Amino acid sequence: MNGFWENAYVQTAAYYSVAVLCAVVFLTIFELVTKYKNWEQIQRGNLAVAMATGGKIFGIANIFRYSIEDHDTLLTMIGWGVCGFVLLLIGYFIFEFLTPKFKIDDEIEKDNRAVGLISMMISIGLSYVIGAGIGY
């Protein structure tokens, strides 16, 4: 049975499955902290929400990329992924704090694409910074 878990195809499937499951959980958490309903807004054609959500998806996936690359075990990979997600979530709150003239969630819900784009780029950019620190 040990040989089964050492097979590259099995490991890839395991990493993929865990990363997708974690992404779903993390996106659910993001849904809870935003004032709007991501998927309802996307269904209505709200491009700002789609960009912000797409950035979060990319950010989560990118963090897991680094986590998979620099791990010892599947459990370690999950731990680094969770740590990275928490940092990404903190980045979201910092973005909200640093824009006192308007509320990020309100602007994104109103389909302010400029704010949606900046939100997406913050998530993507922070995922690279977080990823670079994984494993050190």
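Since we're looking at a predicted model, the values are computed, not measured.
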Would a hydrophobic clustering, with Ile, Leu, Val, Met, Phe, Trp and Tyr connected at side-chain separations under 4.5 Å, put Ile29 with Ile60? yes
Could you check whether atom CZ of Phe58 has more than 12 heavy atoms from other residues, nucleotides or ligands sitting under 6.0 Å from it? yes
Find the distance between CD1 (Ile118) and CZ (Arg113) and round it off to the nearest 0.5 Å. 15.5 Å
So, Thr99 side chain and Glu96 main chain: donor-acceptor pair closer than 3.5 Å or not? yes
Work out which heavy atom in Trp80 is nearest to a heavy atom in Ser67; give both atom names and the distance. CB-OG, 3.6 Å
Hey, could you give me the OG/CG distance between Ser123 and Asn62, rounded to the nearest 0.5 Å? 11.0 Å
By the definition side-chain hydrogen bond (donor to acceptor under 3.5 Å, both in side chains), identify the one residue from Asn46, Asp111, Thr53 that meets it with Gln41. Asn46
Are there more than 12 heavy atoms of other residues, nucleotides or ligands under 6.0 Å from atom CD of Glu31? yes
Kindly give the heavy-atom pair with the smallest separation between Ala52 and Tyr36, and that separation in Å. CB-OH, 4.4 Å
Treating Ile, Leu, Val, Met, Phe, Trp and Tyr as nodes and any side-chain heavy-atom pair under 4.5 angstrom as an edge, say whether Leu21 and Phe64 lie in one connected cluster. no
For the student: nearest non-hydrogen atoms of Ile108 and Val115, plus distance: CG1-CG1, 3.7 Å
Just say parallel, tilted or perpendicular for the rings of Phe85 and Phe26, cut-offs at 30° and 60°. parallel
To the nearest 0.5 Å, atom CZ of Phe93 lies from atom CD1 of Ile90 at 9.0 Å
Do Leu87 and Leu126 touch side chain to side chain, with heavy atoms closer than 4.5 Å? no
Heavy atoms of Asn38 and Val49 approach each other most closely as O-CG1, 3.6 Å
Please report the shortest heavy-atom distance between Asp105 and Thr34, naming the atom on each side. OD2-CA, 3.3 Å
With rounding to the nearest 0.5 angstrom, report the CD1 to CG distance, Ile104 to Asn112. 9.0 Å
Could you see if Ile130 belongs to whatever hydrophobic cluster contains Met121? Use Ile, Leu, Val, Met, Phe, Trp, Tyr and a side-chain cutoff under 4.5 Å. yes
Rounded to the nearest 0.5 Å, how far does CG of Leu47 lie from CG of Leu117? 9.5 Å
How far apart are the closest heavy atoms of Met51 and Gly116, and which atoms are they? CB-O, 3.8 Å
To the closest 0.5 Å, what do you measure between NZ (Lys56) and CD1 (Ile122)? 11.0 Å
Indicate, with yes or no, if Tyr128 and Tyr92 share a hydrophobic cluster defined by side-chain heavy-atom contacts under 4.5 Å among Ile, Leu, Val, Met, Phe, Trp and Tyr. yes
Decide whether Phe102 and Phe95 are clustered together by the hydrophobic rule: side chain heavy atoms of Ile, Leu, Val, Met, Phe, Trp, Tyr closer than 4.5 Å, transitively. yes
